[in-house]
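Working notes, beginning with the structure itself.
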Amino acid sequence: MNRIFKTLFSLVSLFVTAIAFAQQVPQAEPGISGDKFKIDWTANASLYTLDSGSTFVLNDTFSTKVYDKFTVGVGFDVISNENPATGPQLAWQLNQGVSEGSGTGLSDIDLFVKYDAYKGKCDYLKADVWATVNAGLYIPVDGEYSSSSATAHAGADIGIQKDKFEVVQGFNYVFTGDYTFNPVFGGYVTDDVLKFTTTATYDVADMIKFGVKAEQQYSGSYNAFLLGPIVNMKLTERATLSAEVGFAVSEDIPYDTISSVVGIGLHLAF
C-alpha cells in the first residue's frame with residue numbers, strides 16, 4: 001500500500017508542475033489558433049479499492065485533430081496492483097506458469113480515432129446537441145497486464161447542453177479476445193466488456209462544474225455499477241482539472257468485491 005501512496009504523491013507533484021507550466025503558456029492570438037497543429041494531453045489517475053487490496057491505474061493519452069472532424073490519438077496504462085485476489089490460478093494460466101497476483105507493469109497501447117458526427121441545435125429542447133463516434137485497437141506490449149492479443153473497441157458519446165446544464169451519455173464496447181485486464185472487475189476478464197457512462201453537470205461558476213457520474217460495466221455474467229460526484233475546474237484556457245469518486249451501488253465481479261474508485265485528471269492543450 002505504501003507504493004501506491006508514493007505513486008499518488010508523485011502524480012500530484014507532476015500535476016502541480018504541469019499546472020504551473022500551463023499557466024505560463026502564452027495564449028494564442030485570435031484568428032490563428034485553428035491553423036496550428038495542436039496536441040491534447042490527458043493524464044488520469046484512478047485508485048480502485050477492493051476488499052483484498054487496491055489497484056492504481058495511470059493513463060496517459062495524446063491526441064490531435066486532423067482534417068475537420070477527425071481526431072486521432074494514442075494512450076497507454078501503467079498499472080500497480082496490490083490486490084492478490086486477481087485470480088492466482090487464472091493468472092498462472094495467462095502468464096504461462098508465472099503465478100504472480102500483484103506487481104507494476106504496462107497494459108496495452110490504445111490507438112484510436114474519433115469523429116465529430118453532429119453538432120447543432122435541438123429546437124424542441126432549445127438546447128445544444130452534439131454526438132461523436134470512436135473506434136480503436138488495444139495493442140498488447142507484453143507488459144504485466146497486457147491483453148492476450150490485439151483487442152478492438154468502439155463507442156459513441158451524445159451530449160445535450162441547455163443553459164448551465166449538460167448531460168453526456170457514453171457507450172463503449174470492447175471485443176475481448178482470450179483475456180484482458182479490467183480494474184473494475186478486479187483482474188482479468190475473458191468476455192467482451194460493455195460500458196455505459198452517464199454524466200450530468202451544472203456550471204456553478206464560470207470555471208467550475210459540479211455533477212454526478214454513473215458508470216455501468218458488464219462482462220459475461222459479471223457487472224458493476226458505480227455512482228458518485230464529479231467536479232471539473234478550468235484552470236486556464238488550456239488546462240482543465242477534474243476529480244471524481246465512484247461508490248459501488250451494486251457489483252458482481254469475478255475475483256473480489258469493489259467498494260469505490262477515486263480518480264483525478266488533468267487535460268492540457270498545446
Side-chain angles (χ1 to χ4, degrees), residues 8 11-25 27-28 33 38-49 56-65 71 73 75 77 110 112 114 116 118-119 122 125 127-134 155-172 183-184 195-217 225-249 260-270:
L8 282 171
L11 180 68
V12 172
S13 300
L14 173 63
F15 281 173
V16 172
T17 303
I19 292 170
F21 171 77
Q23 291 175 331
Q24 295 174 2
V25 175
Q27 301 300 315
S33 59
K38 294 181 179 179
I39 294 178
D40 288 338
W41 170 53
T42 302
N44 289 301
S46 301
L47 183 64
Y48 299 79
T49 302
F56 177 79
V57 180
L58 176 61
N59 170 265
D60 282 283
T61 300
F62 298 88
S63 64
T64 185
K65 179 164 285 190
T71 298
D77 290 340
D110 181 18
F112 64 89
K114 183 177 73 172
D116 298 332
Y118 178 79
K119 186 176 182 180
C122 176
L125 297 175
D128 296 321
V129 179
W130 55 267
T132 65
V133 294
N134 62 80
D157 294 284
I158 299 175
I160 301 175
Q161 184 173 7
K162 181 178 175 60
D163 299 325
K164 296 184 178 182
F165 289 96
E166 183 179 42
V167 177
V168 179
Q169 177 63 59
F171 156 85
N172 189 64
V184 169
K195 178 180 177 181
F196 295 99
T197 303
T198 306
T199 59
T201 58
Y202 178 77
D203 294 346
V204 297
D206 291 340
M207 302 177 69
I208 301 177
K209 292 183 179 181
F210 280 104
V212 62
K213 177 181 177 181
E215 178 180 315
Q216 303 171 70
Q217 291 202 42
F225 178 29
L226 304 173
L227 179 67
I230 183 172
V231 58
N232 294 318
M233 180 181 300
K234 192 173 183 180
L235 303 175
T236 71
E237 288 299 320
R238 300 188 179 188
T240 304
L241 186 67
S242 63
E244 63 182 80
V245 179
F247 299 99
V249 177
S260 65
V261 179
V262 178
I264 184 170
L266 176 67
H267 173 260
L268 294 178
F270 298 96

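Predicted, not measured: the structure shown is a model, and the values here were computed from it. Here, residue 1 is the first one in the sequence, and each next residue gets the next number.
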Could you measure the distance from the [atom1] atom of [X] to the [atom2] atom of [Y]? Nearest 0.5 Å is fine.
X: D163; Y: D128; atom1: CG; atom2: CG; value: 9.5 Å
X: K213; Y: L226; atom1: NZ; atom2: CG; value: 9.0 Å
X: Y202; Y: K164; atom1: OH; atom2: NZ; value: 4.5 Å

Distance-minimising heavy-atom pair for [X] and [Y]:
X: M207; Y: L235; answer: CE-O, 3.5 Å
X: D157; Y: G170; answer: OD1-CA, 3.2 Å
X: Q216; Y: F225; answer: CG-CD1, 3.5 Å
X: T236; Y: K234; answer: O-CG, 3.2 Å
X: S260; Y: F247; answer: CB-CD2, 4.1 Å

**Asked** Would you find a donor on one side and an acceptor on the other, under 3.5 Å apart, between the side chain of K162 and the backbone of L125?
**Response**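 Pair found, side chain donor or acceptor close to backbone of L125.
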
Under a 3.5 Å cutoff, is there a donor and acceptor pairing between the side chains of [X] and [Y]?
X: T197; Y: E215; value: no
X: T61; Y: N59; value: yes
X: D60; Y: W41; value: yes

**Asked** Are there more than 12 heavy atoms of other residues, nucleotides or ligands under 6.0 Å from atom CD1 of I158?
**Response**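 Incorrect, the count does not exceed 12.
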
**Request:** Using the side chain to side chain contact (heavy atoms under 4.5 Å, CB included) rule, take N134 and N172 through it: C-alpha gap first, then chi angles, then the decisive distance, then the call.
**Result:** CA-CA 9 Å; N134 62 80; N172 189 64; 4.1 Å; yes

**V168/W130 under side chain to side chain contact (heavy atoms under 4.5 Å, CB included): CA gap, chis, key distance, verdict** = CA-CA 9 Å; V168 179; W130 55 267; 3.7 Å; yes

**L268 and F270: CA distance, side-chain angles, deciding distance, side chain to side chain contact (heavy atoms under 4.5 Å, CB included) verdict** = CA-CA 6 Å; L268 294 178; F270 298 96; 3.9 Å; yes

